[in-house]
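Report on the following structure.
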Number of protein chains: 2
Amino acid sequence: MTARKRERITTIINTLLLENAASIQELAKRLSVSEMTVRRDLNILAKDNIVRLMHGAAVLNPGSRPDRRQYAITQQEALNAEEKMLIGQKAASILEQNDIIIIDSGSTTDYLAKAIPYDMPLTVLCFALNILIEIHRKKGCSLTFAGGIFHKNTLMFESPEGVELIRRYRATKAFLSASGIMSRLGVTCSTQYEIESKKASMNSALSKILLADSSKFGRILSAYFADLKDFDTIITDSGIPEEYRKIIDNLGIDLIIV
Amino acid sequence: MTARKRERITTIINTLLLENAASIQELAKRLSVSEMTVRRDLNILAKDNIVRLMHGAAVLNPGSRPDRRQYAITQQEALNAEEKMLIGQKAASILEQNDIIIIDSGSTTDYLAKAIPYDMPLTVLCFALNILIEIHRKKGCSLTFAGGIFHKNTLMFESPEGVELIRRYRATKAFLSASGIMSRLGVTCSTQYEIESKKASMNSALSKILLADSSKFGRILSAYFADLKDFDTIITDSGIPEEYRKIIDNLGIDLIIV
DNA sequence: TAAAAAATGTTAAAAAAATAACAAAAAAGC
DNA sequence: GCTTTTTTGTTATTTTTTTAACATTTTTTA
């Protein structure tokens, strides 16, 4: 990303912080670029969940914290975003009416939350702000939220009481996310505080579904929370290494590739 | 204007207050009316400079304070919006740097949350969605949230674990709201599920501050949670009956009138 | 500096939303 | 109850925005 582009995006964010929303016309004029360029900038912000795009307008997402973000989106990251969206949508497609579900924090699970049909009757438990904001708008969803201390970087809330609330809960499906998946050392995430909520979610759910794009396979992060075999289903993209296809198959886990 | 229409417009305003903007499609679905009807409602709000209409979306005008009086469902709700805002702002003005505060659910406390300066260092606990959304944006605030089952009408989350989290918390100030205040029968709210969180909030705070517009004095609702004497400070508007001024004075409670 | 990559602008076609006009339904007034 | 007024829904038409494809410019990098 060029300095010029980054500056423009910063200006857009500042404008939105001030005015809640702006039309694409307006922004193009103010920035002295074409509308197409503004659109492309906004698409980047939309992928990062900072703005919501509507016809003709960009609206600041109430669940975003734009001032902390870096906008260096590489081709790789952009590609992953696309796959994450497909994974989230596939996850939404396996939902059944009146399912009771737990949705983990994370960007992939955010796409799942977004993809849930507006009127579908569901009971949902979550513990991250972005998921909360997506779900509370859905007419069909009864919502339970496990609170705690707010972690700005992951948008997650965490506390012993929150974990206890998850333990007391029962769900038909739990949708988990991970940052690292390795056959021998298990499934990991980046921070220790996430672990207990994830473990509790898995223990409270009948079916455990792991959502992870293919870049996660073979990676290790510091916080271990489950073994691969603990999952019933894994949803990922076609980039998954052949090696892991076999491992997952041997474990009898349902592998869904989008 | 029919009652039905007024209700719809109130819902639209509340939605926008929570989410900055909404698409016309969304609103039509949520309100179960045609898009044309939503458009007509929004045109009314646009004429009053409450929303800005863009293609496909309605954006809350950041400069305008939606005058709920005009659109309020009941006369009661109508009368006090302005006073509630002043009360909330006064409450914010007594905050000190590094205060640890608890903010109750309610519309008056929502004005308090809005009025907190962006950079003021505070530690905040809350348990209602509207407060959460206001606070999480503030750069200076560390945030803790007590979760539970989501109640759509009050925007509050409630659970034994949430109450436990409040009990484990310690605050310098707790800002409480109430729907009824009576000398003999105490301070009340409208639903039973609110009680435990309110009680716990009061028990965990050094200073208990009641925010209530003057219409609340002399009223009783079904759910009792405290006596008048349990509060250290009461912030209200000049409409408070003389009788209650005396009672509050005799109890040695600090009475602030906006 | 030259080649490659990224970013931007332009256009036509497709998709979506706004508008206006009218018909049907609901609410208010008598 | 009946009439009048207000509100709501539907449709066709107009306007606007989005998308996609390609050409051009700018920036990066080897």
Side-chain angles (χ1 to χ4, degrees), chain A residues 1-13 15-16 19-48 50-61 69-82 85-86 89 114 118, chain B residues 1-13 15-16 19-61 70-75:
Chain A
M1 183 177 297
T2 61
R4 208 176 137 206
K5 185 167 192 158
R6 208 188 327 270
E7 261 177 64
R8 218 170 42 222
I9 289 181
T10 304
T11 306
I12 291 174
I13 290 172
T15 303
L16 295 178
E19 308 187 18
N20 281 348
S23 76
I24 287 175
Q25 270 197 334
E26 261 174 32
L27 291 173
K29 256 192 188 173
R30 187 172 311 193
L31 299 165
S32 306
V33 291
S34 71
E35 295 188 10
M36 197 62 227
T37 298
V38 173
R39 281 211 174 81
R40 287 191 262 242
D41 290 347
L42 289 174
N43 281 332
I44 291 171
L45 291 173
K47 273 215 174 87
D48 284 355
I50 290 165
V51 303
R52 243 180 111 193
L53 291 183
M54 295 165 152
H55 264 255
V59 180
L60 194 72
N61 204 322
R69 292 287 293 226
Q70 293 279 332
Y71 304 103
I73 298 267
T74 63
Q75 185 120 31
Q76 188 51 48
E77 280 168 19
L79 271 170
N80 281 351
E82 185 66 27
M85 193 177 71
L86 291 170
Q89 289 171 345
K114 276 190 166 57
Y118 182 70
Chain B
M1 184 177 297
T2 60
R4 210 177 136 205
K5 184 168 193 157
R6 206 181 350 259
E7 259 179 66
R8 221 172 37 222
I9 289 181
T10 304
T11 305
I12 290 174
I13 291 175
T15 302
L16 295 178
E19 308 191 19
N20 284 344
S23 76
I24 288 175
Q25 270 198 334
E26 257 175 34
L27 291 173
K29 254 191 186 175
R30 187 172 308 192
L31 300 165
S32 304
V33 292
S34 71
E35 295 187 10
M36 196 63 226
T37 298
V38 173
R39 281 209 175 83
R40 288 191 263 241
D41 291 346
L42 288 174
N43 281 331
I44 292 171
L45 291 173
K47 271 209 180 93
D48 289 353
N49 269 318
I50 290 166
V51 302
R52 243 183 107 192
L53 291 183
M54 294 166 153
H55 262 256
V59 180
L60 193 72
N61 209 328
Q70 219 165 330
Y71 311 106
I73 297 167
T74 65
Q75 196 95 24

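Every chain is numbered from 1, with letters handed out A, B, ... down the list of sequences.
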Check the distance between [N]'s [atom2] and [X]'s [atom1] and give it to me in whole angstrom.
| X | N | atom1 | atom2 | answer |
| --- | --- | --- | --- | --- |
| A:Glu7 | C:dA7 | CD | C1' | 15 Å |
| B:Asn43 | D:dT6 | CG | P | 18 Å |
| B:Leu42 | D:dT8 | CG | C1' | 15 Å |
| A:Leu53 | D:dT19 | CG | C1' | 13 Å |
| B:Asp41 | D:dT7 | CG | P | 10 Å |
| A:Ile24 | C:dG9 | CD1 | P | 14 Å |
| A:Arg6 | C:dT8 | CZ | C1' | 17 Å |
| B:Lys5 | C:dA25 | NZ | C1' | 14 Å |

| Is there a donor-acceptor pair under 3.5 Å between the side chain of B:Asn20 and the backbone N or O of A:Leu60? |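 Yes, because the side chain of B:Asn20 sits within donor-acceptor range (under 3.5 Å) of the backbone of A:Leu60.
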| request: Could you pull out all residues at least two apart from B:Ala57 that satisfy side chain to side chain contact (heavy atoms under 4.5 Å, CB included)? | output: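 B:Ala57 satisfies side chain to side chain contact (heavy atoms under 4.5 Å, CB included) with A:Met54 once adjacent residues are dropped.
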| task | Would you please name every residue forming a side chain to side chain contact (heavy atoms under 4.5 Å, CB included) with B:Gln25, sequence neighbours left out? | result |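 B:Ser23, B:Glu35.
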| Residues in side-chain hydrogen bond (donor to acceptor under 3.5 Å, both in side chains) with B:Ser34, at least two apart? |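 B:Thr37.
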| Closest nucleotide among C:dG9, C:dA20, D:dT8 to the B:Met36 side chain |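 Out of C:dG9, C:dA20, D:dT8, the nucleotide with an atom closest to B:Met36's side chain is C:dA20.
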| task | Test A:Ile13 against every option in A:Thr11, A:Ile9, A:Thr10 by the side chain to side chain contact (heavy atoms under 4.5 Å, CB included) rule and name the one that passes. | result |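 Single side chain to side chain contact (heavy atoms under 4.5 Å, CB included) partner of A:Ile13 among A:Thr11, A:Ile9, A:Thr10: A:Ile9.
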| task | Residues of residues 25-35 of chain A with any non-hydrogen atom less than 4.0 angstrom from an atom of DNA chain D: list those, numerically ordered, please. | result |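 Those residues are A:Gln25.
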| Rounded to the nearest 0.5 Å, how far apart are CG of A:Leu31 and CZ of A:Arg8? |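 Rounded to the nearest 0.5 Å, the CG-CZ separation comes out at 7.0 Å.
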| query | Does D:dA30 have a Watson-Crick or wobble mate here (both distances under 3.5 Å), and if so which one? | reply |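 Here D:dA30 is engaged in a pair, and the nucleotide opposite it is C:dT1.
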| request: Please name all residues satisfying salt bridge (Lys or Arg N to Asp or Glu O under 4.0 Å) with A:Lys5, sequence neighbours left out, ordered by chain then number. | output: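 Counting only residues at least two positions away or on another chain, A:Lys5 forms no salt bridge (Lys or Arg N to Asp or Glu O under 4.0 Å).
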| task | Using a 4.5 Å cut-off on heavy atoms from C-beta on, say whether the side chain of A:Leu45 contacts that of A:Asn61. | result |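 Not touching, per the 4.5 Å side-chain cut-off.
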| Hey, are the side chains of A:Leu27 and A:Leu42 touching, using non-hydrogen atoms and a 4.5 Å cut-off? |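 Result yes, sub-4.5 Å side-chain heavy-atom pair found.
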Could you write out each protein N or O paired with an N or O of nucleotides 22-30 of chain D at a distance under 3.5 Å?
none

